[in-house]
Enquirer: 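Got a structure for you, questions after.
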Amino acid sequence: MPALPPIAWFALVAPLFPLAAAIYIGLSLLLWRAPDERFTARMVSVAFSLSVICTMTVAIYFITHDDTPIVLPLGAWFSTEGYHFESSLLVDRLSAPMMVLTATLCGLVGRFSSTYLHREPGQPRFYLLMSVFATGMFVLVMAGSLDLLIAGWEFVGISSMLLIGFFHQRTFPVRNALRAFVTYRICDIGLLVGTVLMHHYAHTATFTEVFGDQAWPGGRGTFTAGAATLIACCLLWAACGKSALFPVGSWLPRAMEGPTPSSAIFYGALSVHAGAYLMLRTHPLLDHSPVARAAVIIVGVLTAVHGTIVARVQTDVKSQLAYATTTQVGVIFIEIGLGFPRLALLHIVSHACLRTLQLLRAPNAIQDAMLLRAAAGPHPVDAEQVLPAANSAKETWQYHLALERFHLDALWERSVMRAFIVMAESAEAFEQRLLATIAGKPVRHHDKPAPIQTAEERRPS
Amino acid sequence: MNHVSALAFLALILSPALHAELLNFVRGEKRARLLGVSGSIASLLIGSALVTRFYMQKDDARLYSVLSFDGTGHGLHFGIDALNAPLIPLLGLLTFAFVMGGPVELLGKRELRALLWLESLTLLTLSTLDLAVLAIGWSVMLIPTYRLTVTGQGSHSALLARVFKIYHLTGVIAFLTGVFALAAWAHPSGLLDMSLTHLEVEVVPAPYRPVLFWLLTVGALVRMGVAPFHSWVPLSFERGSILAVTLLVSMRTGFYMLARLVIPEFAEAAHDATPVLMSLALVSAIYGSVCALGQHDLRRMIGFLVTSQSGIMLTGMVLGDPHAISGTLLYWLGFATSTTGLMLMVSALAARTGSADMRLFGGLVGRMPHLSACFLLFALATIAIPGSLAFIAEDMLVHGALSAHPLLTTVMIVAMVINAICLVRAFVVTFLGETRPLSIPVGALRDLLPRERIAAVVLLLALFVAGAIPGPLVASQSSAAHEIAQIENNPPH
């Protein structure tokens with residue numbers, strides 16, 4: 001590995017602090033017992049604080065020095081004849097602000113959670129998943145290649161799924177966690193295929209080699225329109241999953257079942273913008289492909305329109321904020337599609353900060369409003385103000401559409417889920433028939449689970 | 001030095017068998033388990049020493065030993081090369097995990113004996129370079145598996161026994177017919193010298209070569225559990241005693257037979273059969289994953305996942321791309337370990353509750369936190385989370401496969417995605433959600449015992465350390481992958 005400039009070390013060690021915290025908490029939980037609550041909170045806070053210091057230093061360096069991208073080659077993770085998994089980190093105008101945003105918001109939310117999750121039995125698990133998420137997010141935003149970006153992307157997805165189901169004793173959070181995971185997985189096919197296509201067409205997936213080493217967003221790359229369209233559309237599909245874009249975004253409001261701090265950091269601030277980050281990182285592809293550019297804009301418009309209409313009929317604050325988030329993410333995608341990457345980055349940073357504040361404040365805001373109302377005495381509510389009457393059939397139809405969230409859930413269940421269930425049932429029926437043919441008699445179907453037996457009953461005669 | 005190596009090979013193969021027979025003289029289940037553990041550790045250590053010696057020698061691609069009967073070179077041939085080098089310690093590791101972490105209900109003295117004999121025969125199959133010994137070891141290992149899998153399963157054993165016999169007799173008869181025909185044609189020196197290195201397949205008349213190829217291949221496909229030869233796998237997992245069958249399935253000796261014997265010796269026939277094999281592989285990958293999605297029984301679900309994984313491995317193998325084959329070989333190691341871990345966790349759950357039906361469970365994480373965490377980690381290792389060996393394997397497999405055949409690889413990726421959804425769904429339904437009332441005492445739902453935890457942690461360490469530092473493993477498998485790809489792409493005419 002060539003000698004690194006001193007500033008590179010700050011960038012290099014920033015993800016290691018949350019990683020160390022995750023390893024410590026994980027091993028304690030697996031091998032011994034849950035670490036002490038106060039110690040866990042402090043350790044994670046210290047880890048995030050150190051990450052903040054490191055990322056701030058890097059950002060200040062970028063502001064005060066020239067903005068040439070810094071590539072930190074970590075060597076090949078593994079290599080075989082003709083194929084190398086090159087792992088390098090890239091710190092530039094795009095990743096530096098995202099690093100600071102990641103470290104700062106994780107630190108703030110970590111500090112907030114020490115009070116919010118006080119005496120919550122799953123507190124160490126929460127901090128473990130937060131640390132895994134922070135590590136994944138750092139890897140995602142600092143990745144110098146699409147290969148390494150996938151690693152961070154996966155960590156973000158897994159920790160997101162587990163945090164949605166944080167309250168594992170309840171039915172709905174767990175069901176929603178599974179729903180989010182299924183969406184992620186189906187959309188991640190796009191990232192995987194896009195990466196391999198990038199290797200196929202550019203013979204590498206390292207950003208500086210594919211798009212050139214100009215300061216962001218100045219890269220260009222050499223792609224044919226077809227190749228660029230294919231890769232960009234694959235990446236857009238992946239971004240749709242992670243950023244909850246139309247038509248696969250219905251998991252986002254359901255994800256709000258998790259603890260409020262994780263909702264804030266994942267679905268208000270960082271995870272939900274990962275898709276936008278991916279498109280910003282690979283935006284030179286859009287310069288080669290008007291079709292992909294149009295697709296990004298259309299998806300952004302549909303997401304924004306869907307989000308803003310549905311948000312208006314939500315009755316709980318977290319759902320409303322979730323749809324407000326998708327609206328803004330849709331707008332960010334429109335900006336990317338229209339060719340304003342700097343504006344989109346600024347939008348991401350400001351939106352993440354605002355939404356984190358709103359989500360963290362939401363539970364108290366309702367309580368404060370109720371206290372104010374109680375202090376002010378009885379206050380007649382005008383039904384027309386809360387629920388204005390529809391003036392026309394068109395408005396009624398719009399209202400129904402918004403209430404039903406554009407029927408996207410039903411569409412998803414009838415098309416994707418139902419198709420899978422029918423296929424699985426048919427395959428199982430075929431399997432039973434095959435066994436019956438071999439056995440020469442009908443085979444018992446397992447429509448209902450067999451009753452549980454005691455140890456004595458199970459003992460072979 | 002050659003004699004020392006030969007004796008080390010003998011010690012490696014005989015050590016588990018010897019421990020199995022010593023079990024007859026031991027009283028008490030605890031002592032029996034201790035002896036079993038020492039047997040598996042002994043084979044693990046001897047295997048690791050031999051493999052280390054192979055990696056340290058720079059001048060040869062194979063550590064080769066002959067145990068000569070008459071001093072003329074005739075005798076038993078053993079060898080370690082890039083193909084079997086990781087498999088020998090892996091088998092020791094998996095046996096150790098089973099013996100250490102297997103539930104008391106499934107591991108009596110008789111079962112331990114069968115398990116250790118199975119290890120011995122598998123080691124013989126993996127390390128021998130003699131066609132006859134290979135065929136015998138490969139076929140005879142079904143005896144302890146059958147005894148262990150079909151015994152004591154009450155009303156369901158009749159169906160399982162019938163299915164197991166039909167599939168495996170078909171496979172073994174096809175395979176042995178192919179081997180005998182091959183030996184009769186291709187071994188001029190007679191039965192005393194049946195070394196694989198001296199095989200002369202070109203002596204076999206050209207019209208018969210595809211016939212021999214398909215006989216051997218059908219035997220291998222049955223053992224791999226590739227559709228349509230797969231039904232014994234989910235049924236054995238669901239209704240049989242799962243330890244032996246998991247070891248048999250995890251080591252994928254059918255796949256080994258393809259890589260060791262069938263493809264290298266019948267390269268032209270394999271080349272011609274690629275479309276058929278590819279179709280079988282993709283059907284198997286998708287069919288297994290879709291079937292797994294519809295299952296409620298955890299054991300049966302994992303059985304179908306094995307079928308799907310076998311299909312994925314076969315796809316990677318027949319594509320002819322060295323990176324895809326390299327990925328496939330790593331996939332083999334990763335899934336052997338993670339499937340073993342998953343089955344250990346499921347068998348621990350089934351031993352405590354008497355069932356592996358997901359519909360009965362829910363909310364077990366509160367009562368069994370370590371078991372839940374280990375199941376989740378094994379599931380994540382199976383679905384290729386970064387840092388696990390499967391991540392490296394899938395990355396290489398998809399890279400290689402997509403450049404060789406983009407459309408078919410997309411089907412393979414879909415199978416991988418469905419498999420991941422199956423496993424996470426199984427975790428969510430079984431361990432999370434509302435706690436359902438069970439008809440067994442709450443006290444019976446104890447968490448993993450220390451010995452079970454040790455077994456799980458050892459397997460997890462193997463998976464994640466190999467995934468974090470995959471360089472040496474990838475490099476060691478690379479030459480085998482390139483050799484197979486070379487044969488597939490340029491078959492000798």
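On a predicted model such as this, the values are computed, not experimentally measured, just so you know. Side-chain atoms are counted along with the backbone in the values below, which use heavy atoms only and exclude waters and symmetry mates. We name chains A, B, ... by the order of the sequence lines, and we start the count at 1 in each one.
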Enquirer: Do B:V290 and A:F420 have side-chain heavy atoms sitting under 4.5 Å apart?
Expert: no
Enquirer: Select one option (side chain, backbone, both, neither) describing which atoms of A:I421 are under 4.5 Å from chain B's heavy atoms.
Expert: neither
Enquirer: Give the C-alpha distance, both sets of side-chain angles, the deciding distance and a yes or no for side chain to side chain contact (heavy atoms under 4.5 Å, CB included) between A:T80 and B:H482.
Expert: CA-CA 10 Å; A:T80 175; B:H482 278 86; 3.8 Å; yes
Enquirer: If you count heavy-atom pairs under 4.5 Å with chain A, which of B:G294, B:P470, B:G363 comes out on top?
Expert: B:P470
Enquirer: Between chain A and each of B:A456, B:P228, B:P234, B:A468, count heavy-atom pairs under 4.5 Å; write down the option with the most.
Expert: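 Of the options given, most contacts go to B:A468.
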Enquirer: Donor-acceptor pair, B:H399 side chain versus A:T195 backbone, under 3.5 Å?
Expert: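 No, B:H399 side chain to A:T195 backbone: no donor-acceptor pair under 3.5 Å.
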Enquirer: Is B:L448 close to chain A through its backbone or its side chain, or both, or neither, when contacts mean heavy atoms under 4.5 Å?
Expert: neither
Enquirer: With a 4.5 Å limit on heavy-atom distance, are the side chains of A:F85 and B:I392 in contact?
Expert: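 No, side chains not in contact.
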Enquirer: Which atoms of B:L293 are under 4.5 Å from chain A, going by heavy atoms: the side chain, the backbone, both sets, or neither?
Expert: both
Enquirer: More than 12 non-hydrogen atoms from neighbouring residues, nucleotides or ligands closer than 6.0 Å to NE2 on B:H405, yes or no?
Expert: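 At most 12 heavy atoms, drawn from other residues, nucleotides or ligands, come within 6.0 Å of this atom.
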Enquirer: Check whether any side-chain heavy atom of B:H370 lies under 4.5 Å from a side-chain heavy atom of A:L29, and answer yes or no.
Expert: no
Enquirer: Using a 3.5 Å distance criterion without hydrogens, assess whether the side chain of B:R162 forms a donor-acceptor pair with backbone atoms of A:I438.
Expert: yes
Enquirer: Work out which heavy atom in A:L435 is nearest to a heavy atom in B:L159; give both atom names and the distance.
Expert: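 Scanning both residues completely, I find the closest heavy atoms to be O-CD1, 4.4 Å.
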Enquirer: Under 4.5 Å heavy-atom distance to chain A, tell me which part of B:F391 shows up: side chain, backbone, both or neither.
Expert: side chain
Enquirer: List in chain and number order the residues that pass side-chain contact (heavy atoms from CB on, under 4.5 Å) with B:A393, two or more places apart in sequence or in another chain; answer none if no residue qualifies.
Expert: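 B:A393 satisfies side-chain contact (heavy atoms from CB on, under 4.5 Å) with B:L330, B:Y331 only.
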Enquirer: Among the options B:I413, B:V474, B:V424, pick out the one with the most heavy-atom pairs lying under 4.5 Å from chain A.
Expert: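 Among the listed options, the one with the most contacts to chain A is B:V424.
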Enquirer: Output the option from B:I418, B:L377, B:D395 having the highest count of non-hydrogen pairs under 4.5 Å with chain A.
Expert: B:D395
Enquirer: Closest approach of A:L30 and B:R453, non-hydrogen atoms and distance?
Expert: O-CD, 3.9 Å
Enquirer: Nearest heavy-atom pair of A:E81 and B:S478: which atoms, and what distance?
Expert: N-OG, 4.3 Å
Enquirer: Using non-hydrogen atoms and a 4.5 Å limit, figure out which bit of B:L235 sits close to chain A: side chain, backbone, both or neither.
Expert: side chain
Enquirer: For the residue pair B:C291 and A:A427, what are the closest heavy atoms and their distance?
Expert: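 Of all heavy-atom pairs spanning B:C291 and A:A427, the closest is SG-CB, 3.4 Å.
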Enquirer: May I ask you to name which of B:F304, B:F431, B:Y167 has the most heavy-atom pairs under 4.5 Å with chain A?
Expert: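 Most heavy-atom pairs under 4.5 Å with chain A: B:F304.
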Enquirer: Considering only heavy atoms, give the residues of residues 164-173 of chain A separated from chain B by less than 4.5 Å, sorted numerically, with 'none' for an empty result.
Expert: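 Residues in range: A:H168, A:Q169, A:R170, A:T171.
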Enquirer: Select one option (side chain, backbone, both, neither) describing which atoms of B:Q295 are under 4.5 Å from chain A's heavy atoms.
Expert: side chain
Enquirer: Could you tell me which portion of B:V398 (side chain, backbone, both or neither) has an atom closer than 4.5 angstrom to a non-hydrogen atom of chain A?
Expert: both
Enquirer: Any heavy-atom pair between the side chains of B:L402 and A:H200 that's under 4.5 Å?
Expert: no
Enquirer: Taking everything shown except B:L407 itself, do over 12 heavy atoms lie less than 6.0 Å from its CG?
Expert: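 No.
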Enquirer: Under a plain distance cut-off of 3.5 Å, with no hydrogens placed, do A:E431 and B:H230 share a side-chain donor-acceptor pair?
Expert: yes
Enquirer: Quick one: do B:D321 and A:Y83 satisfy side-chain hydrogen bond (donor to acceptor under 3.5 Å, both in side chains)? Show the steps, please.
Expert: CA-CA 12 Å; B:D321 183 275; A:Y83 176 59; over 6 Å; no
Enquirer: With a 4.5 Å heavy-atom cut-off, do B:I469 and A:W77 have their side chains touching?
Expert: no
Enquirer: Mind listing the closest non-hydrogen atom pair of A:F181 and B:A420 along with its distance?
Expert: CE2-O, 3.8 Å
